Structures are given as structure tokens and as C-alpha cells.
Amino acid sequence: MELSKNDLAELRSKHLIETEELQKLIDSNLQNLRIVDLRGFVRTHTEPDGFQTAIYSGAEEEYAVSHIPGAVYLDWTKDIVDTLDPVPAQLAGPEKIAQVLGKAGIGDDSLIVAYDAHTASQFATRFWWALRAYGNTNVRVLDGGWQKWSREARPVTPEIPTYPENLFNPKLDKSWKASAEDVYRLIGSSEHILIDARDEGQYSGSIRRGLRGGHIPGAKHLPREAFFEADGCFKSAQDIARITDASDVDSNKTTIAYCNGGVAATSILFALSMLGYNRLTNYDGSWNEWNLMEAYPVENGDLRAQ
């Protein structure tokens, strides 16, 4: 896909917001601005044999100590997920999304800015993806997140804001979310690209988070970190394009990204969306689900089906 520099700059501005720009919006007391703090953790422990466990958690305690002025807190492990789903971290249904966002003062007319403290902004991009899946495009991710805001010594506060309850109307766009059955059916398809956003160890199977290690057959390995600078900011559009070209990611095909719980995958989808890719899907169940389904094949680092 060939886009002009102006087109790429416009796309980037529709996805990312810089710290200076957010500061100006806060200072202007923009009434429909809603900043969402999504700080959280994935804490892992790896045994000598490569078996890895992961604990998902929010960071509300850190928010309570200090956050960007006007920001509300949403827990990525509870507020935007279906906590009754046996697969961890699955997207919440429309009723819960409407209730949680509306109670936080977020409505259809809100300008939403999401941030976290992750080096690949994966909790903020997860929220971006959730909103896209429910038909809302008026959301930006803070480039560099909490870390950049803090490095620049911008204002922070422990004060927790309150906003009037608002009306958020979710309109599900099914194209943004793939099921295990969808992915299985499309293995080997020439019209689809499957991207594994996890690290090399998990992709190869030397690190095993679940009953089986490895990756979904045919998946390209493109870890989320590839699109970020060392300071946690997204790379330039030109650099992102070079990376995707080197990985043979084709904008004319549907790209399905996955990871362990459909979170890191959204960093990939976000980066591709900034390049104008518009056929993007998240396999939300990801490896947390796939590794348990013995009828579905996996490949290890030697590319041998298990």
C-alpha cells in the first residue's frame, strides 16, 4: 500500500496523540475529553523446563497514587473483559461495555485518550481495539504512555475525577474479532495472513505457556516490540512499513493477529491500522484457548506439526 507522507501523518494523528497535544487539551478544559488510565501487568514465571505461568492484574493502586489529571481508571483484566469466560481476558459483551464506559463518563461523543505504562502500549491498544470492535473510532493512544509523560515531568495528581454518567452505544463490528474456528478454517489460506505477536521463545515452543508450546501453523512471527523505539514510542510510519514489508504482510489480505490472550496482538493491529490497513482481526482467544484444543494443530520451532 503506497500512501503519501501527508496521508500517513493524518492516519497517525487519528491513532496517536502526543504528550504536548494532550497537555494542551487538558489545559483548555475540553469538556468531552475522557482520559483513560489502563496501567496493568502480566507477571510471568518460567520453570527450567520452559513451562511458563502468567498472572494478569491491573494497577489501580498506582493510579491512586498518581495519574494524568482528569484520567479515570479502567482495569484491563476486569472492566473490559468477560470475567465469566473460561478463556482469560476475553472481550466483554456490549451490555457490560456500555455500563462500564457510561459509568466512567465516556459517551459516543467523547474524545477518548488511552494510556498505560507498558513498553508496547498493549493495554491501551487493547482498549483501542475494544472500542473499534464496538464501532467507536474517536479514541487515541498516548504515544509513549505514562513513562513519557513522567519523563517530561508533566502534571500528575492523586485526585480521582467524577463525571456525569454518559451514554455509550456499542455497535459490534464482527470483522474485528476472530474465533478459533475462524482461524482453523483459514489455515493455509492465500487470502489471509496470520501473525504471532509473542516472543521468540513462545513462538518456537521453547517457552510453553499452556499444555502445548509452539504456534498456529503458518503463522508469521512478528513480535509487538518490533514496532516500538527503546523509549516506548511507536516507530515512524516509514520504519513500520519497512518491517511489515520485510515480513510480507500484505494490506490486500486480511491480517489476523494473536498472542496469548488477544492483548499484545492489538499492538500489531494498531500499528498496521496506522499504515491504512483496513482488513484487521484479532484472534481474541489466542494461545490461551488454542493450546487447549487438542484437535487443532500446532507447530514448534522446527516447523513440525504436533
Side-chain angles (χ1 to χ4, degrees), residues 42 52 54 56 76-77 80-82 85-93 97 120-123 125-134 172-200 202-205 207-227 244 247-251 253-273 277-300 305-306:
V42 178
Q52 185 179 83
Y56 297 166
W76 77 275
T77 70
I80 59 174
V81 306
D82 180 356
D85 196 307
V87 179
Q90 298 304 282
L91 180 64
I97 289 291
S121 293
Q122 67 175 24
F123 306 123
T125 59
R126 172 72 173 182
F127 188 56
W128 166 87
W129 168 78
L131 291 173
R132 285 294 179 100
Y134 280 121
L172 182 62
D173 182 348
K174 294 182 179 179
S175 69
W176 280 96
K177 187 173 182 287
S179 67
E181 292 76 13
D182 294 331
V183 175
Y184 179 70
R185 188 175 65 253
L186 296 172
I187 290 177
S189 167
S190 61
E191 297 301 316
H192 296 77
I193 295 171
L194 187 60
I195 293 178
D196 188 318
R198 300 173 301 162
D199 61 49
E200 173 63 31
Q202 293 180 80
Y203 177 80
S204 69
I207 302 297
R208 186 180 76 258
R209 194 184 295 181
L211 296 177
R212 298 185 293 169
H215 56 269
I216 299 173
K220 298 176 182 292
H221 184 228
L222 185 54
R224 63 189 171 217
E225 292 84 2
F227 293 138
T244 57
S247 299
D248 295 322
V249 181
D250 188 343
S251 62
K253 299 179 180 181
T254 297
T255 297
I256 303 172
Y258 76 93
C259 49
N260 284 301
V263 180
T266 63
S267 297
I268 299 289
L269 298 176
F270 185 89
L272 294 178
S273 185
Y277 285 56
N278 55 20
R279 297 171 62 180
L280 301 170
T281 302
N282 183 17
Y283 170 29
D284 201 19
S286 286
W287 200 253
N288 284 342
E289 178 179 46
W290 191 273
N291 92 89
L292 297 173
M293 305 175 74
E294 295 185 3
Y296 287 179
V298 303
E299 290 178 342
N300 62 19
Q306 294 183 350

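Bear in mind that the values here come from a model prediction, so they are computed numbers and not experimental data.
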- prompt: Taking all atoms of both residues into account, what is the closest heavy-atom pair of I187 and P217, and its distance?
  reply: CG2-O, 3.9 Å

- prompt: How about W129 and L280: do any of their side-chain heavy atoms sit closer than 4.5 Å?
  reply: no

query: So, does R279 use its side chain to make a donor-acceptor pair with the main chain of S175 at under 3.5 Å?
result: no

- line: Distance col, row H215:NE2 vs N300:CG, nearest 0.5 angstrom, shows 7.5 Å

query: Is there a side-chain contact between S179 and Y184, using heavy atoms and a 4.5 Å cut-off?
result: no

message: Could you tell me if the side chain of N291 sits less than 4.5 Å from the side chain of V298, heavy atoms only?
response: no

message: Parallel, tilted or perpendicular, judged at 30° and 60°: which one describes the rings of W176 and W128?
response: perpendicular

Rounded distance (nearest 0.5 Å) linking atom CG of L91 with atom CG of N282: 9.0 Å

- request: Check step by step if side-chain contact (heavy atoms from CB on, under 4.5 Å) holds for V183 and Y296.
  value: CA-CA 10 Å; V183 175; Y296 287 179; over 6 Å; no

- request: Any chance you could lay out the side-chain contact (heavy atoms from CB on, under 4.5 Å) test for Y283 and L194, step after step, and finish with the verdict?
  value: CA-CA 9 Å; Y283 170 29; L194 187 60; 5.7 Å; no

- request: Give a yes-or-no answer on whether the side chains of Y258 and D196 include a donor-acceptor pair shorter than 3.5 Å.
  value: yes

message: Taking atom OH as the centre, does Y56 end up with more than 12 heavy-atom neighbours from other residues, nucleotides or ligands that are less than 6.0 angstrom away?
response: yes

- prompt: Has R198 got its NZ or CZ under 6.0 Å from the middle of the six-membered ring of W287, at an angle within 45 degrees of the ring axis?
  reply: yes

- prompt: Is there side-chain contact between T254 and T281, with at least one heavy-atom pair below 4.5 Å?
  reply: yes

statement: The reported gap from CD1 in I268 to CZ in R224 (rounded to nearest 0.5 angstrom) is 9.0 Å

- prompt: Which pair of heavy atoms, one from R208 and one from L211, lies closest together, and at what distance?
  reply: CD-O, 3.7 Å

statement: Of all heavy-atom pairs linking G261 and N288, the shortest is CA-ND2, 3.5 Å

- line: Rounded to the nearest 0.5 angstrom, the OH-NZ distance for Y203 and K220 is 9.0 Å

field: Where F123 and V263 come nearest, the two heavy atoms and their spacing
entry: CD2-CG1, 4.0 Å

task: Check for a donor-acceptor pair, side chain of R212 on one end and backbone N or O of M293 on the other, with a separation under 3.5 Å.
output: yes

Atom of C259, atom of A265 and distance for their closest heavy-atom approach: SG-N, 3.3 Å

- request: Determine, step by step, whether T244 and F227 satisfy the side-chain contact (heavy atoms from CB on, under 4.5 Å) criterion, reporting the C-alpha distance in whole Å, the side-chain angles of both residues, the deciding distance to 0.1 Å, and the verdict.
  value: CA-CA 9 Å; T244 57; F227 293 138; 3.8 Å; yes

message: For a 4.5 angstrom cut-off between non-hydrogen side-chain atoms, does T125 reach S267?
response: yes

task: May I ask you to decide whether R126 forms a salt bridge with D284, counting only side-chain N to carboxylate O separations under 4.0 Å?
output: yes

Heavy-atom check, side chain of W76 versus side chain of Q122, under 4.5 Å: no

task: Over all heavy atoms of both residues, which pair between E299 and G218 is shortest? Give the atoms and the distance, please.
output: OE1-N, 3.5 Å

Euclidean distance, E191 CD relative to K253 NZ, rounded to 0.5 Å: 6.5 Å

message: Nearest 0.5 Å, please: how far is OG in S251 from CD1 in I193?
response: 8.5 Å

